[in-house]
Structures are given as C-alpha cells and as structure tokens.
Number of protein chains: 2
Amino acid sequence: MCQSIVTMRLTRKEIAEMIRSRGYRATPQRVAIYEAVWRAGSHPTVAEIYEYATKSDPSISLATVYNTLHLLEEIGLVQELSARDGSARYDPDVHFHINIVCRSCGKVVDYEYKPLDKLAKDIQEVTGFGITVPVFEVKGLCSDCRAENQETAIASVREM
Amino acid sequence: MCQSIVTMRLTRKEIAEMIRSRGYRATPQRVAIYEAVWRAGSHPTVAEIYEYATKSDPSISLATVYNTLHLLEEIGLVQELSARDGSARYDPDVHFHINIVCRSCGKVVDYEYKPLDKLAKDIQEVTGFGITVPVFEVKGLCSDCRAENQETAIASVREM
DNA sequence: TTGTGTGCAAAACCTTTGCAAATGT
DNA sequence: ACATTTGCAAAGGTTTTGCACACAA
C-alpha cells in the first residue's frame with residue numbers, strides 16, 4: 001500500500017527541499033524543529049518541542065520555535081491542535097484523522113475514521129468552507145481521568 | 001418535533017433552577033452571563049460576552065465572566081470552543097454537532113452530522129475516551145477568506 | 001552580496017489568583 | 001447568619017514583536 005508523502009516521515013533533505021520549494025530558506029533550525037515535532041513525543045507542546053530541539057542545538061531560541069512552527073503549518077508539514085490549556089500542541093501527522101483530546105490531562109490520541117473524506121467534501125458543498133486542515137478534534141475524558149473523577153466524586157459524597 | 005432541553009434557549013427561571021439543582025447559587029450575574037452567551041453573537045468570545053453582559057449590568061467583572069463560564073461549562077449549559085487565537089469562544093448549543101472554524105477570520109458555523117452519536121460510541125469502545133463534550137471541531141477556510149487568499153496569491157505572483 | 005532568518009529581551013495578551021466586601025439561601 | 005460569590009488588582013503563563021547580528025542562497 002502506498003502512503004501519501006505527507007503521512008510519512010521525511011528525510012532532512014526532503015524537509016529542506018519542501019521548505020525551499022515554497023520560497024523559504026532551509027535553515028538548520030527549521031529542520032531541527034521539524035524533527036523535534038516528530039520526536040518530542042506524541043502531539044508535543046511547544047515547550048516539549050523547544051526542549052527537544054535545544055538538545056541538538058542549544059542556541060535555538062523560543063521565538064524561532066514559534067516562527068518555525070507557524071511556517072511549517074503554513075506549508076502543510078505540521079498541524080497545530082486546538083486545545084486551549086497550556087501551550088499549543090503540534091501534530092506532524094497531516095492526513096485526515098480525528099484527534100481525541102482529554103480535557104482533564106490533555107492527552108491526545110488518534111482515531112481513524114474513513115468517512116472523513118466525504119464529510120469534508122459535504123461540508124464544503126453545504127457551507128462553502130474549504131477543509132484545508134485534515135485534523136478533526138473532539139474533547140472527552142480518557143479512561144484514566146474518568147477513573148480518577150469517579151474517585152473524586154465518591155470522595156465528595158463522603159465529605160457531605 | 002421535540003427538542004432536547006439543552007438545545008433550546010432556557011428562561012431565566014430555568015437557568016436559575018439548573019444552577020441551583022447543581023448546588024450553586026443562582027446570582028443575577030450568572031443568569032446575565034448565560035444570556036450573553038446566547039445574545040452576544042454567534043459563538044461569542046469572552047470579550048464579546050463580557051461586553052454584552054456589562055451592558056445589562058456594568059458592575060460585572062471580567063473575573064466573574066471567566067468564573068461563570070467555567071461553571072456553566074461544568075454543568076453542561078455551554079461549551080468552550082478550542083480555537084487558540086485570541087480569547088476563548090463559547091457555544092450555548094450543546095447538542096452533538098460539528099463546529100467549522102475559519103482559520104483566517106475565526107468565524108464559526110455549525111454543521112449537522114447525524115452519525116456523530118454512533119461515532120462517539122465507537123470512539124469510546126475503541127479508545128476508552130468518554131466523549132462528554134458534544135462538539136466536534138474542524139478547521140478550514142470560509143468562502144470569503146478563500147476569495148481573499150486567492151487575490152493575495154495572485155497579487156504575490158504579480159509582484160514577482 | 002543581500003535580504004531573509006535568528007536570538008534576545010521586552011511587550012502584549014489572555015487567564016487565573018488572592019482577598020476584602022457583598023449577597024443568596 | 002454564614003458560606004458562597006463578587007470585584008478589584010496583581011500575578012502568571014504563553015505568544016508576539018522589534019531590532020541588531022548572522023547566515024543561506
């Protein structure tokens with residue numbers, strides 16, 4: 001089976017080429033930050049990306065991390081997730097999928113849902129919105145946090 | 001056809017009762033802020049809610065708006081949207097639907113999608129996430145902003 | 001060589017917090 | 001009456017900005 005280029009990890013050379021082809025300069029910082037989005041854990045926060053990127057080059061500044069993440073989003077290499085708590089999270093997986101975000105601990109898991117292609121097409125027809133961003137998001141409570149909330153609820157009842 | 005209680009606008013009395021039934025005090029500020037979420041435009045920002053609420057009671061503070069919005073979300077009367085730009089937006093429509101967010105101008109439109117109920121159930125089975133929050137979100141570009149971007153793109157080409 | 005990109009520090013912005021005074025029940 | 005809630009102002013955290021220097025093309 002064949003994956004689209006945007007769903008697989010790119011080499012440094014490919015990353016650099018992709019950046020140049022859009023008219024931007026392929027600096028080592030930009031390549032390092034793109035790699036950090038892949039490697040700094042699953043759906044890493046800006047802080048995590050910054051921490052990881054500075055491991056390979058301690059001189060990289062936080063401002064450059066922000067600049068570069070915006071650039072990478074602009075050229076379609078990463079996607080900013082929308083959860084509002086704390087620092088932004090980025091997803092280097094830019095094929096159509098659903099991100100399920102725990103509204104208690106912030107954990108994000110991916111969910112495959114085939115009809116997303118057709119849904120995006122229908123949305124465009126009905127609303128005129130072009131779904132340029134292939135990531136859908138839903139908030140919920142992960143099983144860990146649900147267990148915890150259950151305990152808290154019981155504790156509250158006991159207090160009364 | 002019958003709407004569920006959470007999809008229709010509640011009276012002041014019903015709002016107050018809902019708040020009290022959850023063990024909280026039904027202050028005039030809370031009622032005014034809930035009304036402001038309905039009336040301050042579609043999917044209003046905190047700033048818009050604050051502005052609208054202070055029209056009916058100029059003494060309401062921004063801190064109270066934040067406190068109250070969190071409370072209203074907690075008891076299921078409103079839903080915080082996730083777009084990260086600027087101040088948070090709130091949706092008083094808490095039945096299952098998709099919010100389509102323009103990533104250029106921030107406009108939000110609602111989209112009905114029947115399979116969301118089953119999708120939420122499937123997600124829970126597969127991932128263990130309880131989808132407590134009935135709002136799904138997708139980012140895209142609204143038709144206005146697409147037209148504008150088109151112009152910008154053409155302008156850029158012309159500049160070269 | 002030249003204009004783009006970087007790093008630094010300060011500013012801007014949104015949200016939360018602490019506390020005394022006010023108020024709903 | 002009394003715990004909860006409010007308003008104010010200050011603090012906190014994240015992101016953006018301005019500018020001199022560095023560097024990719």
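Hydrogens, waters and symmetry mates are skipped; everything else that's a heavy atom, side chains included, is used. Letters go in sequence order (proteins before strands), and every chain restarts at 1. All of these numbers come straight from a predicted model, not from anything done at the bench.
- For the pair B/L62 CG and D/dA10 P, the computed distance is 15 Å after rounding to whole Å.
- Considering only residues two or more places apart in sequence or on other chains, B/T11 meets the side chain to side chain contact (heavy atoms under 4.5 Å, CB included) condition with B/K13, B/E14.
- In this structure, CG in A/L81 is found 11.5 Å from CD in B/E137, a value given to the nearest 0.5 Å.
- Of all the residues in residues 24-31 of chain A, A/R25, A/A26, A/P28 reach under 4.0 Å from DNA chain D with at least one non-hydrogen atom.
- At a cut-off of 3.5 Å, with distance as the only test, no side-chain donor of B/T64 or B/Q29 sits close to an acceptor on the other residue.
- To the nearest 0.5 Å, atom OH of residue A/Y111 and atom CG of residue A/N99 are 13.5 Å apart.
- Of all the residues in residues 65-73 of chain B, not one reaches under 4.0 Å from DNA chain D with any non-hydrogen atom.
- A/A47 comes within 4.0 angstrom of nothing in the nucleic acid, heavy atoms only.
- The span of DNA chain C lying next to chain B, judged by atoms under 4.0 Å from heavy atoms, is bounded 5' to 3' by C/dC14 to C/dT25.
- Of the residues near DNA chain C, A/G23 and B/A63, the one whose nearest nucleotide (by heavy atom distance) lies more toward the 5' end is A/G23.
- Residue order along DNA chain D, read from the 5' end via each residue's closest nucleotide, puts B/S61 first among A/E80 and B/S61.
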side-chain contact (heavy atoms from CB on, under 4.5 Å) between A/I131 and B/I100, worked out: CA-CA 9 Å; A/I131 305 306; B/I100 302 155; 4.1 Å; yes
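- When atom types are taken as modelled, the side chain of A/E48 and the backbone of A/T45 share a donor-acceptor pair closer than 3.5 angstrom.
- Not counting sequence neighbours, the partners of B/H97 by the ring pair (Phe, Tyr, Trp, His ring centres under 6.0 Å) test are B/H95.
- Below 30°, between 30° and 60°, or above 60°: for A/Y113 and B/Y113 the angle between ring planes is above 60°, a perpendicular geometry.
- Atom P of nucleotide D/dA22 and atom CG of A/D57 are separated by 15 Å, given to the nearest angstrom.
- Within the structure, salt bridge (charged side-chain N to carboxylate O under 4.0 Å, His left out) pairs that include any residue of residues 19-41 of chain B comprise B/R12-B/E35, B/E17-B/R20 (at least two apart or interchain).
- A distance of 10.0 Å separates OG in B/S104 from CG in B/D144, rounded to the nearest 0.5 Å.
- Taking atom CG of residue B/D85 and atom P of nucleotide D/dT14, one finds them 18 Å apart after rounding to whole Å.
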Intermediate values then yes/no, salt bridge (charged side-chain N to carboxylate O under 4.0 Å, His left out), A/D117 and A/K121: CA-CA 6 Å; A/D117 262 316; A/K121 202 175 294 173; over 6 Å; no
